[in-house]
Amino acid sequence: MLFNSYIFVLAFLPIVLLVWWSPLLNTRFRLISLVIASYTFYGWWDYRFVALLFISTLIDYRCGQLIHKSILKNRRLFWLVVSLISNLGILGFFKYSGFFAKSINSLTAWIAGGGEIPVPDIILPAGISFYTFQTMSFSIDVYRRQARPTESFWHFAAYVSMFPQLIAGPIVRYTEIESQLRSIPEKINQNQFARGIYFFVIGMVQKVLFADLIAAAFEPLMENYQSLAFVGSWFCMLGYTCQLYFDFAGYSNMAVGLGLMLGFSFPQNFNSPYQATNISDFWRRWHMTLSSWLRDYLFIPLGGSHGKHFRTLRNLVIVMFLGGLWHGANWTFVIWGLYHGGLLAAYFAIRSWKKIEIPSLIGRWVTFLLVVVGWVIFRSSDMTMCGNILASMIGLHGMYGSPEDWTVIQKSLPLLISLLFIVFCIPNAWNWNFKPRWQTAVVLGSLLALCVLRFSTESPFLYFQF
Amino acid sequence: MSETQNDLKIDKQSKRFCQIFLISWLGAFGLIFLTNYIVNPYGDYGTTFFRPLVQTARNDKVYLLSQLNTKPKGVIIGSSRVMRMEPDYLKSIFGYDFFNFGVNSAMPEDYLAILRHYEKRCGKPPEMAILGVDIYSFTDALPMDSRLANCPELFDNLTELQGDSVQKWKTQFTRHRKLVKENLKFYMLKDSLRSLKLELWDGGKGDANNEFISNGMMVDRLTKKQNADGTFDLAKEIEFHKSDYARRYNGFDSLSKIRCEYFETFLQECYEKNIKLLVFLTPLHPELISDLEEKTTFKHRREEVITYLNDQCGKKHVRFYEFSKIDSFQGIADDFHDGVHATVMNNRRIINCMIPRISGKKNNAF
């Protein structure tokens with residue numbers, strides 16, 4: 001089920017809210033209703049993956065309890081390893097087995113001209129990368145004694161499957177929501193609910209009116225990327241840059257809004273990332289919950305930035321390499337991760353070597369350009385496509401391209417400029433001082449109605465594929 | 001103000017915010033629904049305050065027929081390709097009035113619905129019917145035209161489609177559900193606003209290019225104007241149909257059984273009611289034909305349709321004319337508005353070929 005669908009907005013959400021806030025149900029039943037709703041939401045795509053979600057939940061629930069109860073360190077470590085292996089095993093099987101087989105086949109074909117490992121044809125379950133990281137953080141936090149596992153299975157199942165953030169984040173850690181799950185409010189906090197509406201509608205506008213509209217403008221050009229010239233390639237890549245941001249930030253804001261409507265606070269996932277003044281700043285603002293996850297569960301355990309310089313640089317590259325791989329089973333994602341790892345390492349090296357003050361405006365532009373180049377790799381299905389687009393972006397394929405392309409670009413240029421203005425100059429939804437005024441309610445109500453009218457063209461969120 | 005009082009105030013404000021949000025959201029939907037219903041840009045809802053943006057030939061022809069004092073004895077049935085066939089020209093041959101009941105994208109179910117409606121409206125079946133059949137009308141790839149479903153005067157005649165009362169109720173429910181769903185779509189609102197703009201600010205210019213006169217014939221003002229300006233580009237028009245029809249024929253793999261049944265029922269009713277019937281296959285521009293023959297299943301479907309029509313018409317002693325290629329009726333390639341719509345002159349040639357005795361008459365097309 002998509003947030004931007006009739007069934008979700010007109011049926012699923014109202015029913016869930018009515019049941020959740022029903023005075024007739026006690027906390028336990030409310031949690032059960034939330035789990036049922038979340039499994040329904042998830043099973044709407046493919047009911048078979050509900051079992052996978054359930055198994056993953058069950059394993060981590062049990063492992064969490066066993067880690068907590070064990071006194072011996074080795075035994076605690078054993079259950080942690082069981083949890084990690086099962087999580088990474090599920091993720092690896094569903095997400096990377098095909099990629100692995102294909103890569104081995106290519107390698108053996110290159111070396112010895114043969115060798116065929118059968119490539120499994122597996123459908124990737126939606127949101128698997130997100131909920132796997134959530135459950136892994138739970139096991140690690142319990143092992144580190146930073147979290148206390150719950151006795152109630154429903155409590156834990158609600159944490160893992162909570163439908164607002166199940167498919168595409170934010171990646172919520174157990175420690176962030178534990179206390180909220182333990183003390184679920186029985187009455188609606190009107191202010192929180194109003195803020196929830198605000199975040200949900202803003203997110204919907206970002207997705208339906210910004211991301212989808214700009215995608216419709218540049219996607220037809222991208223289909224013939226070989227024929228793109230300088231202007232066309234920049235138009236497409238700037239369009240994609242905006243689409244990706246509004247699509248993902250839109251989803252995150254909707255998730256936060258839905259969470260607030262249910263009485264939960266989720267962490268912020270985007271903080272105007274294209275206003276970042278350097279690449280490190282960018283990663284503190286883009287997909288913040290993933291960045292902090294990688295920092296706390298990967299970068300710091302690897303030694304963080306406390307060792308020698310070389311070690312820090314190595315850690316940065318490893319973390320970003322794995323971050324790239326997390327996004328998808330394709331070499332372009334790996335190279336994109338390494339590209340960002342390289343940029344972070346270069347930034348760290350320069351900063352430790354000499355303290356250079358770069359004017360923030362120049363810093364912003366340089367960072368933005370580097371990020372756009374990164375999105376070329378990210379968007380490309382293979383490196384040939386990537387090379388082609390990059391060549392067009394430096395003018396190797398002419399200036400304006402075909403008159404048809406030029407007509408499309410001219411028609412959609414005002415939209416692109418407006419979106420770039422928004423990402424560069426307008427504060428994000430978290431930074432606006434929201435006040436529950438009636439004028440705001442009228443505007444948001446009308447905007448949501450307008451968004452619902454556009455649901456006829458189904459468009460899933462880009463990050464669902466990860 | 002103490003913190004608690006402040007909290008209470010915010011809580012009250014927030015509650016009001018939520019209520020107003022809900023009212024605004026539902027109100028916006030209501031307003032949009034009402035606008036689309038009243039403006040009715042596609043002629044779906046039966047409201048007639050504004051002109052629909054699309055051609056609603058079925059509703060228009062039903063209305064025009066109802067306005068005629070002298071009920072015509074002859075009727076022309078078919079798709080938009082027969083809309084330029086002149087009732088007056090036929091009158092000069094047969095001596096009685098004809099009505100052009102050509103409707104957009106007519107399929108065999110339309111032929112039957114029109115025939116039955118005609119009888120209902122005029123009190124008796126027509127003496128003569130001229131039916132222009134399109135090869136494509138026997139496809140299964142296209143569902144029944146929604147404009148037929150939205151024209152109760154025609155649709156209600158198709159009892160075959162409606163079944164028993166439960167099925168009828170089900171059909172009605174599905175149709176209304178679809179209409180409500182369609183109403184709440186962005187393009188509908190966009191076209192309602194466009195329609196309003198055309199009507200209120202541009203003086204209703206939007207629909208002035210094509211118009212039906214009282215005998216049902218279409219008057220094409222745009223082509224006339226373009227011809228006068230020297231801006232008419234036939235090649236461009238044909239180009240559009242090349243891609244459009246290539247797409248259509250790609251899903252057209254065999255003749256639709258249900259559409260054949262409708263056609264056979266139509267023939268049977270004409271036979272039983274003693275209606276003089278002439279059937280002809282409507283022509284396409286030669287350039288479009290060669291393109292379709294090269295890229296699609298057109299050639300096979302054309303042969304199948306010709307065999308089928310020869311067979312069926314033969315059984316009911318109905319004369320069938322194969323005019324899909326212009327050579328068969330001495331047509332002229334330049335006398336097309338586009339790839340599929342022949343001009344009045346080519347339509348006259350079709351009539352002349354079907355009714356050879358015209359050659360000695362004053363109103364000879366040549």
Side-chain angles (χ1 to χ4, degrees), chain A residues 4-7 9-11 13-14 17-18 21 185 187-202 204-205 207-209 212-213 216 257 260-263 404 433-459, chain B residues 1-39 41-42 44 146 174 176-196 236 239-240 243 247:
Chain A
N4 53 329
S5 64
Y6 294 111
I7 184 81
V9 173
L10 303 178
L13 183 60
L17 288 175
L18 281 174
W21 291 115
K187 277 177 95 180
I188 297 184
N189 178 332
Q190 298 289 350
N191 189 34
Q192 200 180 26
F193 198 90
R195 277 177 64 79
I197 289 173
Y198 158 77
F199 272 108
F200 183 72
V201 177
I202 294 288
M204 188 66 88
V205 169
K207 164 66 185 161
V208 179
L209 299 186
D212 288 355
L213 279 185
L260 287 169
M261 285 187 223
L262 293 168
E404 290 82 18
N433 185 18
F434 168 74
K435 284 193 177 129
R437 294 196 185 102
W438 70 266
Q439 296 93 329
T440 318
V442 172
V443 172
L444 292 180
S446 311
L447 280 174
L448 185 61
L450 198 63
C451 289
V452 173
L453 293 189
R454 293 200 69 95
F455 283 177
S456 48
T457 43
E458 193 174 271
S459 118
Chain B
M1 202 184 287
S2 74
E3 207 168 294
T4 325
Q5 274 178 318
N6 199 29
D7 284 351
L8 276 174
K9 194 186 161 197
I10 289 173
D11 211 44
K12 209 175 162 186
Q13 270 182 347
S14 301
K15 196 174 178 179
R16 204 163 145 244
F17 172 92
C18 295
Q19 288 164 345
I20 294 173
F21 167 80
L22 198 64
I23 292 165
S24 310
W25 186 43
L26 297 176
F29 270 139
L31 193 68
I32 291 163
F33 192 92
L34 206 66
T35 306
N36 289 338
Y37 183 80
I38 291 171
V39 177
Y42 305 129
D44 287 338
S146 61
T174 314
H176 285 107
R177 198 184 64 177
K178 201 178 157 211
L179 285 180
V180 171
K181 213 173 161 187
E182 290 296 311
N183 189 305
L184 293 176
K185 284 187 177 168
F186 186 72
Y187 68 84
M188 180 76 110
L189 177 65
K190 208 170 131 189
D191 282 338
S192 287
L193 297 177
R194 220 175 97 208
S195 184
L196 275 177
K236 196 179 156 193
E239 210 53 47
F240 165 76
S243 53
R247 186 173 45 79

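In the text below, chain A, chain B and the rest are named by the order of the sequence lines, each starting its count at 1. Keep in mind that this is a model prediction, so the values were computed, not measured.
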Can you say whether [X] sits under 4.5 Å from chain B via the side chain, the backbone, both, or neither, judging by heavy atoms?
{"X": "Val443(A)", "result": "neither"}
{"X": "Leu444(A)", "result": "both"}
{"X": "Val208(A)", "result": "neither"}

>> Suppose a student defines contact as a heavy atom less than 4.5 Å from any heavy atom of chain A. Which residues in residues 26-37 of chain B would they list?
In response: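 Listed by number: Ala28(B), Phe29(B), Ile32(B).
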> Of all residues at least two apart in sequence or in a different chain, which pass the side-chain contact (heavy atoms from CB on, under 4.5 Å) check with Arg247(B)?
Replying inline: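 Checked Arg247(B) against side-chain contact (heavy atoms from CB on, under 4.5 Å); matches are Asp244(B).
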> How would you list, by chain and number, every residue that makes a salt bridge (Lys or Arg N to Asp or Glu O under 4.0 Å) with Arg437(A), sequence neighbours excluded?
Replying inline: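 Per chain and number, Arg437(A) pairs via salt bridge (Lys or Arg N to Asp or Glu O under 4.0 Å) with no residue.
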> Side chain, backbone, both or neither: which part of Leu184(B) has a non-hydrogen atom closer than 4.5 Å to chain A?
Replying inline: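 Contact with chain A involves both backbone and side-chain atoms of Leu184(B).
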>> Less than 4.5 Å apart, side chain to side chain, heavy atoms only: is that true for Leu450(A) and Phe186(B)?
In response: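 Yes, their side chains come closer than 4.5 Å.
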Compile the donor-acceptor pairs under 3.5 Å between side chains in residues 14-25 of chain B and protein atoms, sequence neighbours left out, one pair per line.
from     : atom 1 : to        : atom 2 : distance (Å)
Ser14(B) : OG     : Asn191(A) : OD1    : 3.2
Ser14(B) : OG     : Ile10(B)  : O      : 2.8
Ser24(B) : OG     : Ile20(B)  : O      : 2.6

>> Quick check on the interface: out of Lys12(B), Gln13(B), Met188(B), who has the most heavy-atom pairs with chain A under 4.5 Å?
In response: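 Of the candidates given, the most pairs with chain A belong to Gln13(B).
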> Is atom CH2 of Trp438(A) surrounded by more than 12 heavy atoms (other residues, nucleotides or ligands) closer than 6.0 Å?
Replying inline: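 Atom CH2 in Trp438(A) is not crowded, with 12 or fewer foreign heavy atoms closer than 6.0 Å.
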